[in-house]
Number of protein chains: 2
Amino acid sequence: MSSDPLTAPEFSPRQNAVLGQALRLLVDGGEKALTTAGVARAANCSKESLYKWFGDRDGLIAAMIAFQASKVRTFERDGERLNVASLREHLVMFAKDLLEVLSGDVSLALNRLAVSQSSRDGSKLGELLLEHGRRQIDRRARALIDAGRRAGLLTFDDGEEAYRTLYGLIVSDMHVRMLLGERPQGDFTQRAEKAVRAFLTLHGTAKTLAEAGLAPV
Amino acid sequence: MSSDPLTAPEFSPRQNAVLGQALRLLVDGGEKALTTAGVARAANCSKESLYKWFGDRDGLIAAMIAFQASKVRTFERDGERLNVASLREHLVMFAKDLLEVLSGDVSLALNRLAVSQSSRDGSKLGELLLEHGRRQIDRRARALIDAGRRAGLLTFDDGEEAYRTLYGLIVSDMHVRMLLGERPQGDFTQRAEKAVRAFLTLHGTAKTLAEAGLAPV
DNA sequence: CAAGGCATGTACCGTACGGTACGGTTCGTG
DNA sequence: CACGAACCGTACCGTACGGTACATGCCTTG
């Protein structure tokens with residue numbers, strides 16, 4: 001890795017096209033299908049170019065992660081005044097987006113790849129994936145629940161811990177199960193709404209609980 | 001796979017010793033270290049015996065999963081009368097055990113292996129791992145929260161869903177992060193207690209909430 | 001047009017792995 | 001003791017992959 005992919009994740013259009021083909025190859029055939037010769041054939045480029053651009057196979061994979069992360073952009077529109085209904089709506093939207101992202105083909109394939117490489121020492125692939133893939137969506141959720149607290153709708157001491165709780169309520173073990181090959185079952189919308197309801201029960205203020213009809217029996 | 005490892009997961013002592021060495025090899029060196037020649041060398045047996053006993057490499061891995069599952073036995077002692085304190089204690093114990101199991105070296109190595117193989121079609125490794133590794137601990141938790149409901153301490157409609165909630169509160173994304181190579185941070189006991197507190201807040205009856213001092217502010 | 005950079009395609013090399021075959025050894029059994 | 005089964009160690013085979021070298025062709029630039 002000659003250039004730091006954390007600060008220089010930009011490639012030429014031709015290279016982006018190659019990375020896209022590589023991702024497609026990975027999604028379709030799994031890790032063992034991601035051979036340098038296979039990528040070169042699928043992208044109509046030469047292996048020599050691959051090594052010139054990305055250094056080695058690990059560099060190619062790192063570039064694929066950066067490329068995919070650059071495609072998944074999440075918009076965080078805030079500044080608007082939050083009330084119980086809008087907070088809930090935003091939380092449900094976030095939950096659904098999170099479930100969609102995690103269950104996506106490319107996300108699952110890249111996560112599988114990073115997991116399988118993580119046993120090798122010095123492989124920063126997992127770190128890279130967490131940093132690139134999660135940072136955006138994590139910041140969006142953190143900003144949302146912080147705004148909820150500022151608006152007097154949520155109560156918690158540690159924002160990070162509250163976010164972890166929200167994440168666990170939404171995802172549970174679904175991500176690992178999908179990584180292991182299980183197909184997602186159940187409706188994402190329903191799952192998201194239930195998770196948000198539980199989260200509000202745990203961290204909503206009295207005002208929120210009353211307005212949302214979540215007062216404990 | 002000539003014999004069904006779901007119903008016949010028993011092997012001779014010699015074979016068990018070989019499987020143990022194979023697991024050690026996998027834990028130490030990751031998936032790429034788990035070569036048939038390496039296992040044979042580490043276990044002082046011949047490759048021919050490996051293929052005779054386990055069929056092929058996949059059969060060996062399946063046998064490793066069954067062997068490891070046979071070692072991790074979880075005791076579910078029930079029948080005692082549950083009160084709020086004992087329910088809470090059992091839940092915390094379960095949560096700590098779950099975190100211990102998931103963060104164990106062998107568990108992580110096997111999960112990484114199953115995840116990396118899950119993209120290949122027809123690979124029932126993930127299914128096998130979920131079935132063997134989780135069944136015991138899942139049943140224990142399910143029995144516990146069902147007993148809690150029968151004792152009038154918990155309230156929920158769907159036991160499976162309640163368990164998923166408990167699981168998510170305990171683990172959140174820690175499992176995936178560990179699979180990606182991150183070292184677990186924080187105290188398991190504290191994490192377990194917080195998760196159980198949240199679970200009781202969500203699914204405890206009025207009696208439970210009052211006795212546990214969890215009445216919402 | 002000439003020249004040089006850049007990309008492609010192919011051929012090649014070394015290595016490592018899954019799986020098989022075979023000779024030698026140990027051990028239980030009639 | 002003789003026999004056979006099981007097993008060990010090793011050598012072997014075919015294949016596939018990562019990485020490199022080289023010849024050809026395109027496209028810009030002076």
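Since the structure is predicted, the reported quantities are computational estimates derived from the model, not experimental observations. All chains are named by letter (A, B, ...) in the order of the sequence lines, taking the proteins before the strands, and each is independently numbered beginning at 1.
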ask   = Measuring from E31(A):CD to S119(B):OG, what's the distance to the nearest 0.5 Å?
value = 7.0 Å

Centroid-centroid under 6.0 Å between F199(A) and H203(A) rings = yes

ask   = Tell me: CZ of R14(A) to P of dC27(D), nearest whole Å?
value = 13 Å

request  = Kindly say if W53(B) contacts the phosphate of dC7(D), meaning a side-chain N or O under 4.0 Å from OP1 or OP2.
outcome  = yes

ask   = Are a donor atom and an acceptor atom from the side chains of Q117(B) and R120(B) found within less than 3.5 Å of each other?
value = yes

request  = Summarise protein proximity over nucleotides 20-25 of chain C in one line of letters, 5' to 3': B for base, S for sugar-phosphate only, - for none, counting protein heavy atoms closer than 4.0 Å.
outcome  = BBB---

ask   = R57(B) has an atom CZ; how far is it from atom P of dG18(C), in whole Å?
value = 5 Å

task = Please report, rounded to the nearest Å, how far the P atom of dC8(D) is from the NZ atom of K52(B).
result = 11 Å

task = Before giving the answer on side-chain contact (heavy atoms from CB on, under 4.5 Å), spell out for R191(B) and S172(B) the whole-Å C-alpha distance, their side-chain angles and the decisive distance to 0.1 Å.
result = CA-CA 11 Å; R191(B) 191 183 180 103; S172(B) 189; 3.8 Å; yes

key: Exercise: do R149(B) and T155(B) side chains pair donor with acceptor under 3.5 Å   = no

ask   = Separation of L50(B) atom CG from dT10(D) atom P, in whole Å?
value = 15 Å

query = Does a salt bridge link E193(B) with R88(B), judged by any charged N lying under 4.0 Å from a carboxylate O?
reply = no

query = Just checking, is any N or O donor in the side chain of D138(A) or Y163(A) under 3.5 Å from an acceptor N or O on the other one?
reply = yes

query = Rounding to a whole Å, what distance do you find between D58(B):CG and dG19(C):C1'?
reply = 13 Å

message = What is the separation between atom CZ on R41(B) and atom P on dA11(D), rounded to the nearest whole Å?
response = 13 Å

Detail all sub-3.5 Å separations between protein N/O atoms and N/O atoms belonging to nucleotides 13-16 of chain C.
none

dA7(C) OP1/OP2 closer than 4.0 Å to side-chain N/O of S49(A) = no

key: Value in whole Å for how far the C1' atom of dG19(D) lies from CD1 of I61(A)   = 15 Å

query = Just by distance, with hydrogens left out, do S118(A) and R112(B) show a side-chain donor and acceptor under 3.5 Å apart?
reply = yes

ask   = Between R134(A) and D173(B), does at least one N-O distance fall below 4.0 Å, as a salt bridge requires?
value = yes

